[in-house]
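Proteins come first, then strands; the chains are lettered A, B, ... in the order of their sequence lines, and each starts at number 1.
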Protein chains: 2
Amino acid sequence: MEKPPGSEIEIFRDFIKKKGLRYTPEREVILREIFNIHDHFDVDELYLRLRNKGHRISKASIYRTLPLLIECGLVQEVYHEDGHMHYEHIYGHEPHAHFRCLSCRRVEEFRDERLEEVAREYAERYGVEIKMTRFEILGYCSSCRGEEG
Amino acid sequence: MEKPPGSEIEIFRDFIKKKGLRYTPEREVILREIFNIHDHFDVDELYLRLRNKGHRISKASIYRTLPLLIECGLVQEVYHEDGHMHYEHIYGHEPHAHFRCLSCRRVEEFRDERLEEVAREYAERYGVEIKMTRFEILGYCSSCRGEEG
DNA sequence: TAAACTATTGAAACAAAATTTCAATAAGGT
DNA sequence: ACCTTATTGAAATTTTGTTTCAATAGTTTA
Ligand SMILES: [Mn+2]
Ligand SMILES: [Mn+2]
Ligand SMILES: [Zn+2]
Ligand SMILES: [Zn+2]
């Protein structure tokens, strides 16, 4: 049941402790479920998955836990669509950008090191400290292009 | 009163006509005001500016018009913050990315041609049609860094 | 281990953002 | 001028996200 050192569990527990907060079962269950989802997700989907597994975690707790997971770098806001935010776990994954089709809504991930380079150089030049970066391409995928007009 | 060809007004009118919609005073007033705002804005700010100038445009009309302006490429969603979307007009401006300070909330714009290059190459490789791109750096500006912990 | 302290929880109330409804209006075509 | 029908404002509604509060349960202290 114990996760090895350096795992998301340990990172989260250390973060919680360091902030003087309490490491609760609810917080751990939310974290575990998020790392079971290997896709982008929203609050409602996460909530339903937890319920379907028999957990009685309130949405309020999810809304309270997400900012903590983001603050400690395990989770990111990916994009805002259909009036609500979509998230993904990022710990253990390489940084990546997203292409979103405006027609079929498919989301593709891709990696390009030049993006990190751009961010790194900006940080260097202006003396800012980077917490995260986000690069999105919105458009029409190869199947959907041509249908817009 | 007439704007020269190629102006945002003309582009919008042509777009509206081509879609078989109607070019109304409300739509034009909203468009004009958006191009008077030389900054990022949200719906409430736009609404209040219109009211202060004596226009009686409803928020519903603003919410209805924004997607049209986005669809024809005059306006973009810039970022989602404080629970609502922020926009900017983009016609007539070079593409640019944003740095946002998580502490003081300042937003800085910068330009880097490598970003367009990355998008262009992705589009080429995967046969997608680009509608827009967005690059954001979130972090702490030089004044705010060090205060987070 | 018992007691004290206080952060966290779920449920419900609340607030805010965005969408929809609907009757009145007005754009644009004939 | 007349007709058709898209658009409007206002209000109702829906959805997202936050706050309140009493009960609970981590964590510390002795
Ligand atoms: Mn992703
Ligand atoms: Mn900008
Ligand atoms: Zn598609
Ligand atoms: Zn700052």
Side-chain angles (χ1 to χ4, degrees), chain A residues 9 12-34 40-72 75-87, chain B residues 9 12-34 40-72 75-87:
Chain A
I9 301 279
F12 189 43
R13 185 165 41 210
D14 289 353
F15 169 81
I16 288 290
K17 291 298 184 183
K18 185 139 72 185
K19 285 204 95 174
L21 305 176
R22 291 173 185 177
Y23 192 71
T24 65
E26 290 83 0
R27 283 174 175 161
E28 182 168 318
V29 165
I30 291 169
L31 170 60
R32 282 184 187 279
E33 191 54 36
I34 286 176
H40 308 120
F41 65 92
D42 57 31
V43 166
D44 210 56
E45 184 179 333
L46 175 56
Y47 173 72
L48 291 175
R49 284 180 64 123
L50 288 168
R51 280 196 71 89
N52 289 340
K53 291 191 177 180
H55 297 292
R56 283 298 161 71
I57 309 272
S58 68
K59 278 194 182 175
S61 287
I62 294 177
Y63 277 114
R64 287 169 180 137
T65 302
L66 275 169
L68 295 171
L69 293 168
I70 290 169
E71 194 184 341
C72 70
V75 171
Q76 264 187 8
E77 297 183 336
V78 196
Y79 54 90
H80 192 271
E81 189 178 68
D82 297 323
H84 59 268
M85 192 55 72
H86 295 249
Y87 306 84
Chain B
I9 301 278
F12 189 43
R13 185 165 40 210
D14 290 354
F15 169 81
I16 289 290
K17 292 297 184 185
K18 186 139 72 184
K19 285 204 94 175
L21 305 176
R22 291 173 185 177
Y23 193 70
T24 65
E26 290 82 1
R27 284 175 174 160
E28 181 169 319
V29 164
I30 290 169
L31 170 61
R32 283 184 187 280
E33 190 55 36
I34 286 176
H40 308 122
F41 65 92
D42 56 32
V43 167
D44 210 57
E45 185 180 332
L46 175 56
Y47 174 72
L48 291 175
R49 283 181 64 124
L50 288 168
R51 280 196 72 88
N52 289 340
K53 292 191 177 180
H55 297 292
R56 281 298 160 73
I57 309 272
S58 68
K59 277 193 182 176
S61 287
I62 294 176
Y63 277 114
R64 287 169 181 135
T65 302
L66 275 169
L68 296 170
L69 294 169
I70 290 169
E71 193 184 339
C72 70
V75 171
Q76 265 188 7
E77 296 183 337
V78 196
Y79 54 89
H80 192 271
E81 188 178 67
D82 297 323
H84 59 270
M85 192 56 73
H86 295 248
Y87 306 84

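In this structure, CG of A:Asp44 is placed 10 Å from P of D:dT15, rounded to the nearest angstrom. Between B:Glu81 atom CD and D:dT16 atom C1' the separation is 17 Å, expressed in whole Å. With rounding to whole Å, B:Ile62 atom CD1 is found 17 Å from D:dT7 atom P. Between the NE2 atom of A:His86 and the P atom of D:dT16 there is a distance of 9 Å, given to the nearest Å. Per the geometry, CZ belonging to B:Arg64 stands 11 Å off C1' belonging to D:dA6, to the nearest Å. A:His84 has its NE2 atom 9 Å from the C1' atom of D:dT16, to the nearest Å. If you take NZ of B:Lys59 and P of D:dA12, they are 16 Å apart, rounded to a whole angstrom. The nearest whole Å value for the distance from the CZ atom in B:Arg22 to the P atom in D:dT4 is 12 Å.
Scanning all heavy atoms of the two residues, the minimum distance from A:Met85 to A:Asp42 falls at O-CB, 3.5 Å.
When heavy atoms are screened at a 4.0 angstrom cut-off, B:Lys17 is found touching the sugar-phosphate backbone but no base atom. A:Arg27 comes within 4.0 angstrom of the backbone, heavy atoms only, and of no base. Across all strands shown, B:Arg56 has heavy atoms under 4.0 Å from sugar-phosphate atoms exclusively, and none from any base.
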>> Please determine whether side-chain contact (heavy atoms from CB on, under 4.5 Å) holds for the pair A:Glu33 and A:Lys53, giving the CA-CA distance in whole Å, both sets of side-chain angles, and the decisive distance to 0.1 Å.
In response: CA-CA 10 Å; A:Glu33 191 54 36; A:Lys53 291 191 177 180; 2.8 Å; yes
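In this structure, the side chains of B:Val43 and B:Tyr87 come closer than 4.5 Å at one or more pairs of heavy atoms. Contact annotation: the side chain of B:Ile57 never approaches that of B:Thr65 to less than 4.5 Å [non-hydrogen atoms, C-beta and beyond].
Of the residues near DNA chain D, B:His80 and B:Arg51, the one whose nearest nucleotide (by heavy atom distance) lies more toward the 5' end is B:Arg51. Of the two residues contacting DNA chain C, namely B:Ala60 and B:Asp82, the nearest-nucleotide position lying further toward the 5' end is that of B:Asp82.
Between B:Tyr23 and B:Phe12, the ring-plane angle classifies as perpendicular under the 30° and 60° cut-offs. Aromatic ring orientation, B:His80 versus A:His80: parallel (interplanar angle below 30°, classes split at 30° and 60°).
First and last contacts of DNA chain C with chain A, using any nucleotide atom under 4.0 Å from a protein heavy atom and ordered 5' to 3', fall at C:dT6 to C:dA11.
Under 4.0 angstrom from either OP1 or OP2 of D:dG17 there lies at least one side-chain N or O belonging to A:Tyr63.
No donor-acceptor pair under 3.5 Å is formed between the side chain of B:Arg49 and the backbone N or O of B:Ile34.
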